[in-house]
Amino acid sequence: MSVITRFAPSPTGYLHIGGARTALFNWLFARHNGGKFLLRIEDTDRVRSTEAAIDAIIDGMKWLGLDWDGDVIMQFARQARHAEVADKLLAEGKAYRCYASVEELEEMRKAAMAAGKPLRYDGRWRDRDPKEAPEGVKPVIRIKAPQTGETVVRDEVQGEVRVGNEQLDDMVLLRSDGTPTYMLSVVVDDHDMDITHVIRGDDHLTNTFRQVMIYDAMGWKHPSFSHIPMIHGPDGAKLSKRHGALGVEAYRDMGYLPEALRNYLLRLGWSHGDDEIISTRQAIEWFGLDAVGRSPSRFDFAKLDNLNAHYLREANDGSLAQETAKRLGVADAAIVERLRRAMPGLKARAKTLKELAENAAFYVAPRPIPMTDKAKALLTPEAKTLLAGLADELAKAGDWSAAALEAQVRAFVEARQVKLGQVAQPLRAALAGSTTSPGIFEVMEILGQSECLGRIKDCA
RNA sequence: GUCCCCAUCGUCUAGUGGCCUAGGACAUAGCCCUCUCACGGCUAGAACAGGGGUUCAAAUCCCCUUGGGGACGCCA
């Protein structure tokens with residue numbers, strides 16, 4: 001039997017970080033097994049579903065590099081099929097019409113709470129004669145849940161989980177307007193799409209008991225269930241926006257690389273010995289449900305930063321230069337080429353693309369370049385005298401390579417009886433407008449002779 | 001309120017009864033490298049939530065407590 005997994009987000013918002021990890025695990029599991037990975041948009045909530053959210057989810061999936069098989073499936077389009085299943089259950093006496101009002105339901109919950117009982121529908125229309133139905137009330141269709149015994153879910157991650165059936169109630173399958181509920185839709189779709197492995201967030205674990213009732217009532221085989229732990233904020237509570245509960249496009253804008261985010265998300269709740277840096281290729285080869293943990297994890301930007309810095313250093317200089325140019329609003333091909341040449345020195349010093357662009361700004365800034373206060377402070381009268389002397393010699397330089405420049409500057413400081421730093425730091429301030437930058441000789445080579453002399457002159 | 005799940009350094013985790021005076025990574029601190037900042041290298045501090053069992057032996061198995069999370073909708 002070939003593996004088929006799916007990612008089934010509801011388009012009521014962006015593709016958030018928890019969803020991205022769920023998608024990643026499903027994708028990895030399918031790819032590992034040479035199976036299929038499907039994308040199904042659960043848009044049955046017509047009020048909250050939006051076109052923009054659908055686009056955000058699809059863009060996010062593409063950016064993360066999680067490709068799905070076949071077309072995107074829109075759940076709402078299958079509503080007739082869902083209703084058909086509900087009707088079948090009704091015809092077989094496994095479901096019934098319920099005319100209880102929302103007020104009645106609310107009272108039931110209050111009473112149950114007060115009595116220390118589980119909050120559930122009491123089944124008042126389960127065996128009642130439909131002739132007693134109140135006039136003009138559109139009924140919902142509820143499933144007849146088992147009332148005794150227990151329901152067991154064999155979960156690949158959580159193990160065997162069981163609950164007494166008295167905890168479960170006759171849930172709604174079809175709303176009074178005839179539209180299917182989530183519980184019905186997922187089960188019917190997962191069955192019809194031949195999903196073999198349902199891998200989803202922990203928050204669905206208790207829902208699974210309810211869904212199993214539908215599988216059983218229809219006589220359908222259960223898929224394998226895996227409920228993966230959730231991702232919490234740094235404080236252990238629910239992930240808030242400022243703590244990372246953002247859409248993946250926000251991570252893209254902050255300058256994170258998709259491969260870094262993938263690696264980070266993979267290691268949240270899954271491990272392979274002591275391995276930390278795991279390529280996608282290795283991830284596909286190694287991924288399995290048995291190594292998925294059961295405890296929730298906290299989102300940590302510091303670790304993401306570290307991973308991102310690693311992948312940044314491995315990234316191609318040309319594409320990094322393109323990305324940096326875009327962030328800096330540079331279109332000039334010569335400047336982009338300058339950035340490409342500067343990239344080895346630049347990318348080792350940045351954790352994100354955003355930081356990379358900030359650090360690269362001095363390479364593209366027109367003269368006179370902006371200068372930080374610390375850089376200005378470095379340009380003392382003595383330093384300026386030194387720089388002026390150096391500039392005179394540099395003007396005569398024939399070989400403008402970093403190595404030749406270093407030799408020349410070192411000879412200069414030796415002749416003047418000063419330390420290298422006494423010249424290098426003011427020089428850095430003049431050329432980069434900052435007290436920090438890539439190696440100064442490298443900067444000089446990339447900037448070129450006339451630009452360097454010009455920048456030195458600017459701060460004389 | 002009822003039910004379900006979880007519990008190893010600050011964080012992510014390794015660990016599936018003896019290899020554990022608990023390993024790795026991130027973060028933190030110090031040192032080295034050095035033209036600055038990074039990178040890199042080395043070093044340091046840092047954890048089995050608590051209490052009972054089971055066993056010759058428990059981070060590992062069982063129970064309780066505590067703490068966290070989740071579900072309980074005509075939302076998904």
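Residue numbers start from 1 in every chain, and the chains themselves are labelled A, B, ... in the order their sequence lines are given, proteins ahead of strands.
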(message) Please encode protein proximity along nucleotides 2-12 of chain B as a string of B, S and -, counting only heavy-atom distances under 4.0 Å.
(response) SSSSSS---SB

(request) Classify every nucleotide of nucleotides 35-49 of chain B by which part a protein heavy atom approaches to under 4.0 Å, writing B for the base, S for the sugar-phosphate alone and - for neither, in 5'-to-3' order. (result) BBBBSS---------

(message) Using the ring-ring contact (aromatic ring centres under 6.0 Å, His included) criterion, which residues pair with W400(A)? Sequence neighbours excluded.
(response) none

(request) Kindly write out the residues that satisfy ring-ring contact (aromatic ring centres under 6.0 Å, His included) with Y182(A), not counting sequence neighbours, or none if the list is empty. (result) H204(A)

Give the table of side-chain donor-acceptor pairs shorter than 3.5 Å for residues 287-302 of chain A, with sequence neighbours excluded, one pair per line with atom names and distance.
unit_1, atom_1, unit_2, atom_2, d
R298(A), NH1, P234(A), O, 3.0
D300(A), OD1, A302(A), N, 3.2

(request) Please collect all ring pair (Phe, Tyr, Trp, His ring centres under 6.0 Å) contacts where either partner lies in residues 402-442 of chain A, sequence neighbours excluded, each pair once. (result) none

(message) Show every ring pair (Phe, Tyr, Trp, His ring centres under 6.0 Å) that has at least one partner inside residues 142-169 of chain A, sequence neighbours left out.
(response) none

(request) Write out all pairs satisfying side chain to side chain donor-acceptor pair (under 3.5 Å) with one or both partners inside residues 47-57 of chain A, taking only residues at least two apart or from two chains. (result) D45(A)-R48(A)

(message) Holding to side-chain contact (heavy atoms from CB on, under 4.5 Å), I want the full list of residues that pass it with K354(A), two or more places apart in sequence or in another chain.
(response) R327(A), T352(A), E358(A)

(request) Please name all residues satisfying side-chain contact (heavy atoms from CB on, under 4.5 Å) with T380(A), sequence neighbours left out, ordered by chain then number. (result) E382(A), A383(A)

(request) Could you identify which residues of residues 75-82 of chain A place a heavy atom less than 4.0 Å from some atom of RNA chain B, listed by residue number, or say none? (result) none

Look for any protein N or O under 3.5 Å of an N or O in nucleotides 16-23 of chain B and output each such pair with its distance, or none.
unit_1, atom_1, unit_2, atom_2, d
G23(B), N2, D274(A), OD1, 2.9

